[in-house]
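The next block holds one structure in the form of structure tokens; read it before the comments.
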Amino acid sequence: TNTLTLMNREEFLEKSFDANWEESFLEPEFTELRPDWSYLDIVGDPELRAGFENGNNYDWWDEATDPGYINAHNLSVRGTSGKVSYFLSGGYTKQKGYIINDEFERITTRINLENDIFDWFTIGAQTFGSFSDYSGNSPSISSLARMTPLVRPTDENGEFILNPNGSNIPNPFLVAAADDFDKRNSLFGNFYADLNIPFVEGLNYRLNFGNNYSWDRHYSSNEFDNGASGGAFKRNRTWYDWTLDHIITYKKTLAEKHQLDVTLVAGQRERNYEETLARGANYSNLRLSYNDLSLAAIQTVESEAWDESYLYQMARINYEFDYKYLITATVRRDGFSGFARNEKTALFPSVGLGWVLSEESFMDQPWLNNLKLRASYGTNGNLVDRYASLAVLNTYAAYVFGDGGSTLFGQEVENLANPNLTWETTTGFNFGLDFSVLSNRITGSVDYYRTTTNDLIFDVAIPEVTGFNQIT
């Protein structure tokens with residue numbers, strides 16, 4: 001095992017002499033240290049001089065690390081009871097890294113249920129929960145590597161020294177002194193119903209309703225923040241998205257040569273996010289940690305929220321005749337809330353053709369295993385940022401009433417709206433040949449394709465006399 005080590009006292013002194021070789025070594029070869037030379041002759045920082053005279057040889061890496069481990073447990077149960085099948089599972093993970101406070105804990109649970117109410121009607125649910133604990137702050141490896149063994153993190157009373165090196169490099173252990181609470185949780189649930197339409201062979205309807213909800217709570221306080229005047233914050237975040245799908249499929253085989261597969265899809269998706277962050281700085285004491293931010297002399301509150309929605313419909317037909325001739329035709333209609341009011345939806349058609357030549361009688365050769373010609377045409381779209389078509393307002397300190405007076409906040413338009421912002425579309429053609437010969441010993445594909453993108457979405461520079469310098 002290769003273990004990272006930092007320089008000890010003697011190695012650090014030797015490096016310091018090498019860095020100041022012109023003063024530390026005898027001329028002209030500069031290979032022999034001056035007989036009356038010492039570290040005190042090349043350093044001026046009082047902290048480093050005192051550490052040298054006290055004989056300090058502190059191992060920052062050893063004090064900041066411990067052996068790590070991973071402890072994981074999983075338990076699952078599955079079975080059936082009549083027409084009901086189930087799967088239950090739970091897991092627990094405990095992980096400790098080699099840096100102090102680098103710890104992780106997670107509990108997971110899963111419940112899957114399916115019930116065949118009738119031979120042609122099934123309902124079910126797939127659920128999952130994850131509850132993770134990331135609490136604790138660790139010193140960074142880079143900050144530990146920058147510390148000299150001549151100084152220590154604490155004084156004779158056991159109190160942390162803010163800048164042990166005597167420079168602007170902070171004590172790495174100050175970060176680990178925080179009272180840090182960081183828990184991240186998520187719940188997922190997919191509920192479905194599957195219906196094989198009676199008396200219509202091959203016709204199926206499926207309903208999917210998926211939900212994903214996550215919430216984070218990150219609270220922290222540290223008396224050494226803000227120049228040791230203390231700081232604390234509380235951040236709460238939530239994410240929620242849901243998807244609803246209606247799917248109809250129809251499969252039919254006629255005369256053992258004609259195979260038809262039709263799929264219709266209609267769905268909707270919505271995503272939203274909220275965040276609130278409250279901070280406090282300059283505390284007379286932090287005995288209540290992050291639980292009372294009102295004790296801070298400086299208090300700030302930030303909040304953020306967004307939402308976006310999608311609509312989509314799709315129709316697709318797959319047809320195959322005698323395993324030789326194939327066609328797939330698709331039309332998709334997509335909508336996104338981020339586009340302009342009258343440009344939120346767009347159509348994206350596609351078609352694909354295939355001819356399996358190796359199934360033809362005139363291509364019946366013992367050395368030929370597969371030969372297929374194919375061609376396709378299709379379009380797809382590219383999204384924009386969720387508020388790209390709108391004029392966004394920005395809040396700023398607009399006016400101060402008198403010397404020492406209150407500040408009035410105002411709003412300004414940050415960008416121009418674009419009422420014509422529409423989908424960026426890419427159209428593509430593809431022609432190809434697939435082959436396999438000599439008992440599939442040699443296989444390959446040859447393709448020719450071309451794509452063209454229209455209505456590119458990008459920021460366009462405009463004259464600043466408009467009050468803005470660009471528009472999307």
Side-chain angles (χ1 to χ4, degrees), residues 1-69 96-103 136-180 220-232 281-283 285-286:
T1 302
N2 295 322
T3 303
L4 179 65
T5 59
L6 302 180
M7 290 184 292
N8 59 28
R9 174 187 173 90
E10 295 304 320
E11 292 169 335
F12 177 78
L13 294 178
E14 182 178 346
K15 178 183 177 181
S16 301
F17 293 142
D18 291 340
N20 296 270
W21 57 274
E22 290 182 302
E23 296 86 4
S24 302
F25 294 91
L26 294 173
E27 298 178 0
E29 291 84 4
F30 297 102
T31 59
E32 184 179 351
L33 189 66
R34 296 180 182 275
D36 56 347
W37 200 253
S38 120
Y39 180 70
L40 299 176
D41 294 315
I42 57 175
V43 66
D45 294 325
E47 291 81 4
L48 297 181
R49 295 175 67 89
F52 173 77
E53 293 176 332
N54 293 335
N56 287 344
N57 186 18
Y58 190 79
D59 191 337
W60 289 84
W61 181 256
D62 185 65
E63 295 297 327
T65 58
D66 281 314
Y69 64 84
K96 183 180 182 301
Y98 59 91
I99 301 292
I100 59 173
N101 286 355
D102 181 17
E103 299 183 4
N137 289 337
S138 302
S140 68
I141 294 177
S142 61
S143 63
L144 291 168
R146 298 170 67 186
M147 303 307 295
T148 167
L150 300 184
V151 297
R152 304 177 61 85
T154 58
D155 58 22
E156 58 275 6
N157 297 320
E159 300 292 335
F160 281 119
I161 303 172
L162 299 183
N163 304 99
N165 276 358
S167 61
N168 59 354
I169 302 175
N171 188 335
F173 290 106
L174 299 183
V175 175
D179 179 13
D180 186 72
S220 185
S221 69
N222 194 326
E223 61 180 305
F224 300 105
D225 282 352
N226 304 305
S229 64
N282 295 1
Y283 284 83
N285 70 76
L286 265 174

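Not measured: the values here are computed from a predicted model.
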To the nearest 0.5 Å, what is the distance between [atom1] on [X] and [atom2] on [Y]?
{"X": "I42", "Y": "W37", "atom1": "CD1", "atom2": "CH2", "answer": "7.5 Å"}
{"X": "N101", "Y": "K96", "atom1": "CG", "atom2": "NZ", "answer": "8.5 Å"}
{"X": "E223", "Y": "L174", "atom1": "CD", "atom2": "CG", "answer": "9.0 Å"}
{"X": "L144", "Y": "I99", "atom1": "CG", "atom2": "CD1", "answer": "6.0 Å"}
{"X": "L286", "Y": "D179", "atom1": "CG", "atom2": "CG", "answer": "9.0 Å"}
{"X": "F224", "Y": "S229", "atom1": "CZ", "atom2": "OG", "answer": "12.0 Å"}

(Q) Are F173 and W60 an aromatic pair, judged by ring center distance below 6.0 Å? (A)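 Here the rings of F173 and W60 have centres that are less than 6.0 Å from each other.
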Using only atom types and a distance under 3.5 Å, with no angle test, would you say the side chain of [X] pairs donor to acceptor with the backbone of [Y]?
{"X": "D41", "Y": "S38", "value": "yes"}
{"X": "N54", "Y": "A50", "value": "yes"}
{"X": "D155", "Y": "N157", "value": "yes"}

Q.
Does L150 form a side-chain contact (heavy atoms from CB on, under 4.5 Å) with L13? I'd like the steps, not just the answer.
A. CA-CA 9 Å; L150 300 184; L13 294 178; 4.3 Å; yes
Does a sphere of radius 6.0 Å around [atom1] in [X] hold more than 12 heavy atoms from other residues, nucleotides or ligands, not counting ones at 6.0 Å or beyond?
{"X": "F160", "atom1": "CZ", "result": "yes"}
{"X": "E11", "atom1": "CD", "result": "yes"}
{"X": "R34", "atom1": "CZ", "result": "yes"}

Contact summary for [X] and [Y], nearest pair of heavy atoms:
{"X": "I100", "Y": "P139", "answer": "CG1-CD, 3.8 Å"}
{"X": "I169", "Y": "N163", "answer": "O-ND2, 3.3 Å"}
{"X": "P164", "Y": "P153", "answer": "CG-CA, 4.4 Å"}
{"X": "L40", "Y": "R49", "answer": "O-NH1, 2.8 Å"}
{"X": "S138", "Y": "V175", "answer": "O-CG1, 3.8 Å"}
{"X": "A281", "Y": "N226", "answer": "CB-ND2, 3.5 Å"}

**Q.** Within-4.5 Å side-chain heavy-atom neighbours: N8 and P149
**A.**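 No. Closest side-chain heavy atoms not under 4.5 Å.
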Q) How far apart are the C-alpha atoms of Y58 and T148, what are their side-chain angles, what is the distance that settles it, and do they pass the side-chain contact (heavy atoms from CB on, under 4.5 Å) test? A) CA-CA 8 Å; Y58 190 79; T148 167; over 6 Å; no
Q | For E27, all residues meeting side chain to side chain contact (heavy atoms under 4.5 Å, CB included), sequence neighbours excluded | A |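 In terms of side chain to side chain contact (heavy atoms under 4.5 Å, CB included), with neighbours along the sequence ignored, E27 is linked to F30.
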Q.
N56 vs V151, test: side-chain contact (heavy atoms from CB on, under 4.5 Å). Steps then yes/no.
A. CA-CA 6 Å; N56 287 344; V151 297; 5.5 Å; no
Q.
Run the side-chain contact (heavy atoms from CB on, under 4.5 Å) test on R152 and I161 for me, step by step, so that the C-alpha distance in whole Å, both residues' side-chain angles and the decisive distance to 0.1 Å come before the verdict.
A. CA-CA 8 Å; R152 304 177 61 85; I161 303 172; 5.6 Å; no
